[in-house]
Chemist: 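I'd like to ask you about the structure that follows.
Just so we're clear, the structure is a prediction, and the values are computed from it rather than from any experiment. Scope of the values below: all heavy atoms of this structure, side chains included, with no hydrogens, waters or symmetry mates.
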Amino acid sequence: MTDITREMLISHDAHETRVAVLEDRRLVELYVERPKRSVVGNVYLGKVKDVLPGMQAAFVDVGLEKNAFLYIDEIVSPEGVADAPRRDIQSLLKPGQQLMVQVLKDPMGTKGARVTTEITLPGRFLVLMPFSSFVGVSRKLDEAERERLSAVIEPRVPEGLGVIVRTAASGASPKELEGDLEFLLRLWRRVQHQGREGLAPEIVYTEMDVAMRLVRDVFSEDFRRLVIDDKRLHDKVVSFLKKTAPKLVKRVHLHKERRALFESYTLQDEIDAAVLRIVPLASGGHLTIDRTEALTAIDVNTGSYVGRKNLEDTVVRTNLEAAVEVVRQLRLRDIGGIIVIDFIDMEDAANRTRVMKRLTEALERDRTKTRVSDMSRLGLVELTRKNVTDGLYGVLTEPCPCCHGEGRVLSEVTRRITVERRLREVLVAGRSPAYLIGMHPDTYALISAPGRNAIAHLRAETGKQVNVIPDPDAALTEVRVLIEGRAGQSEVVDV
């Protein structure tokens, strides 16, 4: 695999912070944080509200809009509670009990946040695990570096605590590692103190904002540069890196051009396309991405691509191109959960192997944990991707007020029939001889169109005076009675 040029861009203003990761100048990851930011990583002192024996779980009040959900497998404790019957939630938790929890997954839809009592505190090079005695090193590093880092860190970890050495620690000196460990130990002592002195529900540790978190977790020597368009944030990042990774400071640049940062990299079209259902491929084929409650379905189509040799060659070329683009879309949109990819059927098993290899190679660039099944004879590939947030789709969009997230709206014929029926019901059931009715402007235009003027027919049919006006506040099929009165009243005017 050829070397990839990576860049990170951070754009910050009063409305939102956007962090973009580019590979060979193409957008592959985008994170958007607004005032209502993610709570993943935050540590709370919570209070158990309900214990559910049938689900072996509990609801915990942590001060958020919805109670958090705690599974029994996420419960660990340094006080010996683990010696209780492991599969009995009632032996571990009682309503009203206070406990410290960390958010694993943001609230999504009707579900509250998912939490764990196994607290982890991330640093630049290390992750501290206070309730574990495991010391490990990232498997993404080569064997020699793993052995060096393990020899440096193991003697320095206090007994009874655990540490994971991150990939970012590659090449770090013993002094840098020791400094990171000392910082995390001080942080843990502060969290413990606040946990002992606090009163639930209360936050005891707040994870870094999205910009600083990605600088800490992602920005490394693999990146050619980091460009930031906000002076204050730029200085904050430089200050952080001087303490944790001085070698990277020279790669941080302040964007000073008059043209906006994302505009200078022509990213807006890619951002706009990241919420669309159809994703075009360079060859002329395309992907369709459909989200459901349970999974995301991705369909591969040849589209306008007709190939040059034969059908199998056309299909394979489309599938190979799609395999790379599918992974880019998963990363860009941050799609999690169950994902089913429907590649175009291929007769030759060797071609299916080629496509799977291309897919797994592309997934190696994805920092988020994934599990991939083999391709079926029908070309279906199932994979799971860790779901932490609502993803880009959840941040940038909201349910359609007309179709309520179904993706389709009522046809004009259906709307016209529905509104005429509701209008007739109002006139027949009402006792007043005259009505002023408000309707959505589009619906008003529909029922008053020349040759289909339903209002005139209803006047003749019911013998009542009815006038209709456009009402922007009305729903598409809503019939709003604005005024009732006697025929000829000045308030009821003919429109």
Chemist: Between R166 and D217 (salt bridge meaning N to carboxylate O under 4.0 Å), is one present in this structure?
Modeler: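 Result for this pair is yes, salt bridge flagged.
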
Chemist: When you measure from the side chain of D24 to the backbone of R26, do you find a donor-acceptor pair of N or O atoms at a distance under 3.5 Å?
Modeler: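 Between the backbone of R26 and the side chain of D24 there is no qualifying donor-acceptor contact (under 3.5 Å).
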
Chemist: Sorted by first residue and then second, give each salt bridge (Lys or Arg N to Asp or Glu O under 4.0 Å) pair with at least one member in residues 236-256; sequence neighbours left out.
Modeler: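 For residues 236-256, and leaving out neighbouring residues, the salt bridge (Lys or Arg N to Asp or Glu O under 4.0 Å) pairs sorted by first residue read D209-K236.
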
Chemist: Looking only at heavy atoms, what is the nearest atom pair of L70 and V115, with distance?
Modeler: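 L70 and V115 have their closest heavy atoms at CD1-O, 3.3 Å.
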
Chemist: Please report the shortest heavy-atom distance between L126 and L184, naming the atom on each side.
Modeler: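 Heavy-atom minimum between the residues: O-CD1, 3.7 Å.
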
Chemist: Parallel, tilted or perpendicular for F69 and Y71, by the 30°/60° rule?
Modeler: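 Rings of F69 and Y71: perpendicular, over 60°.
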
Chemist: Indicate the atoms forming the closest heavy-atom contact of E23 with I4, along with that distance.
Modeler: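 The pair with the smallest heavy-atom distance is CB-CG2, 3.6 Å.
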
Chemist: I'd like to know if the side chain of E207 and the backbone of N42 have a donor-acceptor N/O pair within less than 3.5 Å.
Modeler: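 Not at all, since once roles are kept as given, no pair shorter than 3.5 Å links the two residues.
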
Chemist: Output the distance between atom NZ (K111) and atom CG (D106), rounded to the nearest 0.5 Å.
Modeler: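 Here the interatomic distance stands at 13.5 Å.
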
Chemist: Shortest non-hydrogen contact from P246 to T244?
Modeler: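 Minimum heavy-atom contact is CD-C, 3.8 Å.
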
Chemist: Check E154 against V135 and note the closest heavy-atom contact, atom names and distance.
Modeler: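 Nearest pair, atom of E154 first, then V135: CG-CG1, 3.6 Å.
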
Chemist: Between W188 and F131, is the gap from one ring center to the other below 6.0 Å?
Modeler: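 Yes, ring centres under 6.0 Å apart.
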
Chemist: More than 12 non-hydrogen atoms from neighbouring residues, nucleotides or ligands closer than 6.0 Å to CZ on R354, yes or no?
Modeler: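 It does not: R354 CZ has 12 such atoms or fewer within range.
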
Chemist: Kindly indicate, with the supporting measurements, whether the criterion salt bridge (Lys or Arg N to Asp or Glu O under 4.0 Å) is fulfilled by D366 and R385.
Modeler: CA-CA 10 Å; D366 188 5; R385 189 172 185 270; 2.8 Å; yes

Chemist: So which of R331, R328, R365, R18 actually passes salt bridge (Lys or Arg N to Asp or Glu O under 4.0 Å) with E29?
Modeler: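 Of the listed residues R331, R328, R365, R18, the salt bridge (Lys or Arg N to Asp or Glu O under 4.0 Å) partner of E29 is R331.
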
Chemist: Is there side-chain contact between R358 and V324, with at least one heavy-atom pair below 4.5 Å?
Modeler: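 Contact flag for R358/V324 side chains = yes.
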
Chemist: Thinking salt bridges, do R416 and E420 make one under a 4.0 Å N-O criterion?
Modeler: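 Salt bridge flag = yes for E420 with R416.
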
Chemist: Could you tell me which residues satisfy side-chain contact (heavy atoms from CB on, under 4.5 Å) with R259, sequence neighbours excluded, listed by chain and number?
Modeler: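 Residues passing side-chain contact (heavy atoms from CB on, under 4.5 Å) with R259: E263, S264, T266.
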
Chemist: Any salt bridge between R148 and E145, counting N to O under 4.0 Å?
Modeler: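 Salt bridge present between R148 and E145.
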
Chemist: Under the rule for ring pair (Phe, Tyr, Trp, His ring centres under 6.0 Å), what residues qualify as partners of Y393, not counting sequence neighbours?
Modeler: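 Residues passing ring pair (Phe, Tyr, Trp, His ring centres under 6.0 Å) with Y393: none at all.
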
Chemist: Heavy atoms, side chains only, cut-off 4.5 Å: are E478 and T443 in contact?
Modeler: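 E478 vs T443: side chains apart.
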
Chemist: Are there over 12 heavy-atom neighbours, none belonging to E347, within less than 6.0 Å of that residue's CD?
Modeler: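 No, because the 6.0 Å sphere around CD of E347 holds 12 heavy atoms or fewer from other groups.
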
